[in-house]
Amino acid sequence: MKIDVIKYHQIPKIELHCHLDGSLRIATVLKWLQEDQEDIADENIEVFKKLLIAPDNCDSLDTYLERFQIPVNVLQTEKRLTQATYELYEDAAKENVKYLEVRFAPHLHLEKGLDLHRVIGAVVKGVKAAEADFKIKGNIILSYLRNTEVKGFYQMIEAGSAWLGRGVVAVDLCGGERDRFAPRFKEAFEKARSLGYSVTIHAGETGSIENIEDAISLLGATRIGHGTAMYNDLQLQAQLSRKGIYIECCPTSNVQTKAVASFKNHPLDLYYHNGVMVTLNTDNRTVSNTTMNEEFSQMNHYFNWDEAIVWKVFKQSIEATFASDEIKSWLRQFIGNN
Ligand SMILES: [Zn+2]
């Protein structure tokens, strides 16, 4: 059964996997580039969009990741980091997203003299400003590029600890996925967990199922980003379900990067029916040219997800958040009789 679009918008939503640099407003990026003296006229916006939005069919995850170059180049001041975060929360609030965990890699924003502390502080400031203005709450996940030296991870968690529980909640590993990327980060993640960080890891997106197992057993992940690789491993799915590990699914992004062959082949519906605890997310609103409502519409279109399932995912997502008990209670009030 098709869900009516308006009805659909009215159902509250939670998003747990969304990258800041992949979700900038195109008009804002254009304005910043013009401020930086780049020779791009307003009328070239259509050409410009192609530089920020990944094609429906990228030849690889790496082609998809190229779309982050311009956003990262322009996001090198505290003012812009705060504004970008604020705008992302504003956009999400308009889709009736009630809680959003935004992730970003602080190390990518040091090119013009900022330090990690100021970078993280600027993003947290954007979240707080948006919380004051819109009916949405959020927290930040600090992502670390896994193909770089481990020592930078320690610097990141130390800088972020000033906001732990006050806007920063978790750590993540991101970037191109090689098999067995996790072992060398084992001690670093023990340190992060001892400080109080929760853990989510991009795993099993373009890499193997061993990466999913490692993320849980070696790094202490309680959520997995993507996890599409375990689509035919019922044992691993059952294990995740038993352990209470949530999967952050991002179908549109997975189709673009060829992590899955097509939308109808995405394992999200299969996971749901096999009892794996799934959440639905955009990954990148701009690079993937999508929204939360769009993702749910696709699930409705390809897998007949009805309102009952959308509500179930909302309830499941509350438990999957890294939010405080206070925020979880605030989110539960939206459930009503549903
Ligand atoms: Zn991601």
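Since this is a predicted model, take the numbers as computed values, not measurements.
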Quiz prompt | Donor on one side chain, acceptor on other, Tyr99 and Glu101, under 3.5 Å | solution = yes
Quiz item: Hey, what do you get for CD (Glu111) to CG (Leu75), rounding to the nearest 0.5 Å?
Solution: 10.5 Å
Quiz item: Can you name the side-chain contact (heavy atoms from CB on, under 4.5 Å) partners of Lys312, sequence neighbours left out?
Solution: Tyr272, Gln316
Practice problem: Write down the atom of Thr279, the atom of Ala320, and the distance for their closest heavy-atom approach. | Solution: CG2-CB, 3.9 Å
Practice problem: Identify the heavy atoms of Gly138 and Glu131 that sit nearest to each other, and give their distance. | Solution: N-OE2, 2.9 Å
Quiz item: From Tyr231 OH over to Asp233 CG, what is the distance, rounded to the nearest 0.5 angstrom?
Solution: 10.5 Å
Quiz prompt | Least distance between heavy atoms, Ile318 atom then Thr321 atom | solution = O-OG1, 2.9 Å
Quiz item: Could you give the distance from OG1 (Thr82) to NZ (Lys125), rounded to the nearest 0.5 Å?
Solution: 5.0 Å
Quiz item: Would Asp56 and Gln256 count as a side-chain hydrogen bond (donor to acceptor under 3.5 Å, both in side chains) if you check the C-alpha gap in whole Å, the side-chain angles of each, and the deciding distance to 0.1 Å?
Solution: CA-CA 5 Å; Asp56 290 344; Gln256 284 177 302; 4.9 Å; no
Quiz item: If every non-hydrogen atom of Gly160 is compared with every non-hydrogen atom of Tyr197, which pair is closest and at what distance?
Solution: C-OH, 3.1 Å
Quiz item: Where do Arg184 and Glu149 land on the salt bridge (charged side-chain N to carboxylate O under 4.0 Å, His left out) test, with the steps shown first?
Solution: CA-CA 10 Å; Arg184 72 191 185 103; Glu149 282 186 73; over 6 Å; no
Exercise. For the residue pair Val74 and Asp36, establish whether any side-chain heavy-atom pair is separated by less than 4.5 Å.
Key: yes
Quiz item: Does Tyr86 have any ring pair (Phe, Tyr, Trp, His ring centres under 6.0 Å) partners at least two apart in sequence or in another chain, and if so, which?
Solution: Phe134
Quiz item: When you look at Arg80 and Glu35, which way does the salt bridge (charged side-chain N to carboxylate O under 4.0 Å, His left out) test go after all the steps?
Solution: CA-CA 12 Å; Arg80 289 182 182 181; Glu35 277 173 20; 2.9 Å; yes
Quiz prompt | Residues in side-chain contact (heavy atoms from CB on, under 4.5 Å) contact with Leu110, at least two apart in sequence or another chain | solution = His107, Leu116, Val119
Quiz prompt | Working for side-chain hydrogen bond (donor to acceptor under 3.5 Å, both in side chains), residues Ser297 and Asn300 | solution = CA-CA 5 Å; Ser297 304; Asn300 181 237; over 6 Å; no
Quiz item: Got a sec, which pairs hit salt bridge (Lys or Arg N to Asp or Glu O under 4.0 Å) with one end in residues 188-206, sequence neighbours left out?
Solution: Lys186-Glu190
Quiz prompt | Minimum heavy-atom distance Phe68-Gly22, with the two atoms named | solution = CE2-CA, 3.4 Å
Quiz: residues 151-159 side-chain donor-acceptor pairs under 3.5 angstrom, not counting sequence neighbours:
from: Tyr154; atom 1: OH; to: Ala188; atom 2: N; distance (Å): 3.3

Quiz prompt | Heavy atoms from other residues, nucleotides or ligands near CD of Glu187 exceed 12 (cutoff 6.0 Å) | solution = no
Practice problem: With sequence neighbours excluded, tell me which residues meet ring pair (Phe, Tyr, Trp, His ring centres under 6.0 Å) with Trp32. | Solution: none
Quiz prompt | Atom CD of Gln235 with >12 non-hydrogen neighbours under 6.0 angstrom | solution = no
Exercise. Measure centre to centre between the rings of Tyr302 and His266, then say whether the value is under 6.0 Å.
Key: no
Practice problem: With sequence neighbours excluded, tell me which residues meet salt bridge (charged side-chain N to carboxylate O under 4.0 Å, His left out) with Asp179. | Solution: none
Quiz item: Under the salt bridge (Lys or Arg N to Asp or Glu O under 4.0 Å) rule, what pairs show up with a residue in residues 278-292, not counting sequence neighbours?
Solution: Glu15-Arg285, Glu95-Arg285
Exercise. Is it possible for you to say whether Val123 and Leu24 belong to one hydrophobic cluster, with membership spreading through side-chain heavy-atom contacts below 4.5 Å?
Key: yes
Quiz item: Quick one: do the Ser324 and Glu326 side chains pair a donor with an acceptor below 3.5 Å?
Solution: no
Exercise. Please identify each residue that fulfils side-chain contact (heavy atoms from CB on, under 4.5 Å) with Gln237, with sequence neighbours left out.
Key: Met230, Leu234, Leu270, Tyr271, Asn274, Val276
Exercise. Scan side-chain atoms only and decide if His19 and Asn284 contain a donor-acceptor pair under the 3.5 Å cut-off.
Key: no
Quiz prompt | Considering all heavy atoms, the nearest Leu100-Cys18 contact | solution = CD1-CB, 3.9 Å
Practice problem: Step by step, work out the ring pair (Phe, Tyr, Trp, His ring centres under 6.0 Å) result for His301 and Phe263. | Solution: CA-CA 10 Å; His301 177 76; Phe263 213 109; 8.7 Å; no
Quiz item: Pairs in or reaching into residues 279-298: which pass ring-ring contact (aromatic ring centres under 6.0 Å, His included), with residues at least two apart or in two chains?
Solution: none
Quiz item: Which word best sums up how the rings of His226 and His202 line up, parallel for under 30°, tilted for 30 to 60°, or perpendicular for over 60°?
Solution: tilted
Quiz item: With sequence neighbours excluded, what pairs up with Asn147 under the side-chain contact (heavy atoms from CB on, under 4.5 Å) test?
Solution: Arg178
Practice problem: Return each pair, listed once, that meets side chain to side chain donor-acceptor pair (under 3.5 Å) where at least one residue sits in residues 240-252; pairs must be two or more places apart or across chains. | Solution: His17-Glu248, Arg103-Glu248, Thr200-Glu248, Arg223-Glu248, Thr252-Glu295
